Enquirer: 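Here it is: the structure, laid out below.
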Amino acid sequence: MKSEPDAFGIDDLVRVKVEPWTGVRNYQARNFMRDQMRVGDRVLFYHSNATPPGVAGLARVARTGVVDATQFDPASPYYDPASRPDEPRWICVDVELERKLPRLVALDELRASPALAGMLVLARGQRLSVQPVEAAHYKAIVAMAGRAPVAAAPAPAAKRGRSSAR
DNA sequence: GCCAACGTTGGC
DNA sequence: GCCAACGTTGGC
């Protein structure tokens, strides 16, 4: 689950312990929360739009079927005037802190790890703020957080633009 | 700030 | 139902 740390980061979750995951306004992301998640499911807390972006902590699903209250709040940026209280459109989950990781596992490390090849969050153009994670990938990231970061791979050669060869 | 990717909106 | 315009996400 992604969040921008400027808005709500792992330290906020450390402070409040449990947080309703409000503000998701993408149907696919909502469907993962509404239809796939179960109480007790493990969560990777990912910092997006951060420097650097990466996995900052672990959490778990504490409650499902949570009505996102911001959809009915005209003052909220997530207000949805088309959603009706008797048939709420935006359903989320309560996310409870498991623990903050001993260090942030940065996106470039995730990309460099062979164990994470094929992980959804690394796919090109992947923007969903809520997405499934394979158990093996979850475990690999927890293990990475317990080790020192691997040195960054050398920068790839120019990836676009015209060639200046010869 | 740029921009690729992609979701949503709305005219037709 | 098509699809162009537009808005958002999120890395860089």
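The sequence lines fix the lettering, A, B, ..., with proteins before strands; numbering per chain opens at 1. Bear in mind the structure is a predicted one, so any value in this text is a computation, not a measurement.
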Enquirer: What class does the angle between the rings of Phe8(A) and Trp21(A) fall in, given that below 30° is parallel, 30 to 60° is tilted and above 60° is perpendicular?
Expert: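 Phe8(A) vs Trp21(A) ring planes: perpendicular.
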Enquirer: Round to the nearest Å and state the distance from Arg111(A) atom CZ to dG11(C) atom P.
Expert: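 Going from Arg111(A) (CZ) to dG11(C) (P), I get 8 Å.
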Enquirer: If you link ILVMFWY side chains whenever their heavy atoms are less than 4.5 Å apart, which other residues fall into the same cluster as Ile91(A)? By chain and number, please.
Expert: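 Same cluster as Ile91(A): Val67(A), Phe72(A).
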Enquirer: Under the salt bridge (charged side-chain N to carboxylate O under 4.0 Å, His left out) rule, what do Asp12(A) and Arg15(A) come out as? Steps first, then yes or no, please.
Expert: CA-CA 5 Å; Asp12(A) 295 299; Arg15(A) 183 167 44 78; 2.7 Å; yes
Enquirer: In whole Å, what is the span from the CZ atom of Arg25(A) to the C1' atom of dT8(B)?
Expert: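 Taking CZ of Arg25(A) and C1' of dT8(B), I get 15 Å after rounding.
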Enquirer: Between Leu122(A) (CG) and dA5(B) (P), how many Å, whole number?
Expert: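 Spelled out: CG on Leu122(A) to P on dA5(B) is 16 Å.
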Enquirer: Between dG11(C) atom P and Arg124(A) atom CZ, what is the distance in whole Å?
Expert: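 About 15 Å, once rounded to whole Å.
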Enquirer: Rounded to whole angstroms, how far apart are CG on Asp80(A) and P on dT9(B)?
Expert: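 It works out to 9 Å between those atoms.
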Enquirer: What's the CD-C1' distance between Glu109(A) and dG11(C), to the nearest Å?
Expert: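 From Glu109(A) CD to dG11(C) C1': 17 Å.
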Enquirer: In whole angstrom, give the distance that lies between atom CG of Asn49(A) and atom P of dC12(C).
Expert: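 One finds 11 Å between P of dC12(C) and CG of Asn49(A), rounded.
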Enquirer: How many Å lie between CE on Met1(A) and C1' on dG10(C), as a whole number?
Expert: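 Rounded to whole Å, this separation is 17 Å.
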Enquirer: Think Lys2(A) has a side-chain N or O under 4.0 angstrom from the OP1 or OP2 of dG10(C)?
Expert: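 Yes, within the criterion.
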Enquirer: Examine dT9(C): is either OP1 or OP2 under 4.0 Å from a nitrogen or oxygen in the side chain of Tyr46(A)? Give yes or no.
Expert: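 Tyr46(A) to dT9(C) OP1/OP2: no side-chain N or O under 4.0 Å.
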Enquirer: Side-chain heavy atoms under 4.5 Å apart, restricted to Ile/Leu/Val/Met/Phe/Trp/Tyr: what other residues fall into the cluster of Trp90(A), or is it alone?
Expert: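 Under the 4.5 Å side-chain rule, Trp90(A) groups with Tyr27(A).
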Enquirer: Check this for me: does the side-chain of Arg127(A) come within 3.5 Å of the base of dT8(C) through a donor and an acceptor?
Expert: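 By the distance-only test, yes, there is a pair.
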